[in-house]
Structures are given as C-alpha cells and as structure tokens.
Amino acid sequence: MSWRQNPEYLLTKTVAGAFALHLDRRGIPWTHFPAGENRKLHVGSKLKRMGLKPGWPDFQIMMPGGRVLFIELKAGTGSLSKLQKQVHAELIAMGAPVSVCASLEAVLIVLKAEGLMDLPIKAPVQWTGRAAA
C-alpha cells in the first residue's frame, strides 16, 4: 500500500483540512505532530537528538486559558501502543484533555464538546489541500 492509500494518512489529511476550515477561521492555533511515519534511520536519530518524544498525540489545539487539547487519530484497525497509552495518561494527569478518534466526525464532536466549534458538524469528505473560497 502506498502512503497515499494509507488510511491513517488519509484521515490525518482530512482532519487537517477540517481544522483549516473550522479552527483557522476562528483564530484557534493548532498543529500536527508527525512523529509516527516510517523514516530513514538517520532522520529518526536526528529527530530524537532534537528532543522528539515518541507517543505524543497527533494534533495539538490551543484552547482559551492556555489549555491544550490533544487528539490522537487511529484509522482502520489501528490501536494505541503501550507508549502512547503511557503518554496519554501522563498528559491527562496534568489536566490536558486527550481524545482518540477514528473518524473526522469523532474529531468534530470533540471540538464541539470543548467549545471550539459552534458551527453545525459539516466537514469535507476528503481534504484536497485547498480551503473552499
């Protein structure tokens, strides 16, 4: 399977597109944390020396009051690794909300529950890389 057909890549791309449409419009900062891809050994070693920590959730979204919402995506038959479970538990113990979502709809429900989205839940089926005009 090519990376273009990878279910988690497609979900990540779609979620990023929805964030660009829904969060950017409201001035809510967010980013994706791409730590899980297959990389050449020297690139992974370099990132580790630069402080990359495995197990961190895929997306971070700033919320009012300086809180950060973490969202982990798991598509298809994906499940959390032992390390991801540990990191998520540590983040939750620090008071940070962490959600694991398997669909765009689940992500949008989390955003709505956290008060980050007041629009009806309506999202693109697949992100093309361009926001609608």
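One distance of note links CD of Glu114 with CD1 of Ile28; it measures 11.0 Å at 0.5 Å rounding. Atom OG1 of residue Thr31 and atom CG of residue Asp58 lie 11.0 Å apart, to the nearest 0.5 angstrom.
Side-chain contact between Lys46 and Arg49 is present, with heavy atoms from C-beta onward closer than 4.5 Å. Residues Leu108 and His22 meet the side-chain proximity criterion, which asks for heavy atoms closer than 4.5 Å. The closest side-chain heavy-atom distance from Leu91 to Val68 is not below 4.5 Å. No side-chain heavy atom of Leu69 sits under 4.5 Å from any side-chain heavy atom of Trp30.
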* **Verdict with supporting geometry, Leu111 and Leu23, side chain to side chain contact (heavy atoms under 4.5 Å, CB included)** => CA-CA 9 Å; Leu111 293 182; Leu23 299 181; 4.2 Å; yes
* **Derivation and outcome, side chain to side chain contact (heavy atoms under 4.5 Å, CB included), residues Lys53 and Val87** => CA-CA 9 Å; Lys53 302 278 187 185; Val87 169; over 6 Å; no
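Of all heavy-atom pairs spanning Leu11 and Cys101, the tightest one is CD2-O, 4.3 Å. Nearest approach of Trp56 to Glu72, heavy atoms of both residues: O-OE1, 3.7 Å. Of all non-hydrogen atoms in Leu80 and Gln84, the two that sit nearest each other are CA-OE1, 3.3 Å. Pairing each heavy atom of Pro97 with each of Arg67, the nearest pair is CD-NH2, 3.1 Å. Closest of all the heavy-atom pairs between Ile61 and Leu116 is CG2-CD1, 3.8 Å. Between Val98 and Pro57, the shortest heavy-atom distance links the atoms CG1-CG, 4.4 Å.
Residues Val100 and Val110 do not share a hydrophobic cluster, defined by chaining ILVMFWY side chains whose heavy atoms lie under 4.5 Å apart.
Between Phe59 and Phe19, the two ring planes are perpendicular [angle over 60°; tilted spans 30° to 60°].
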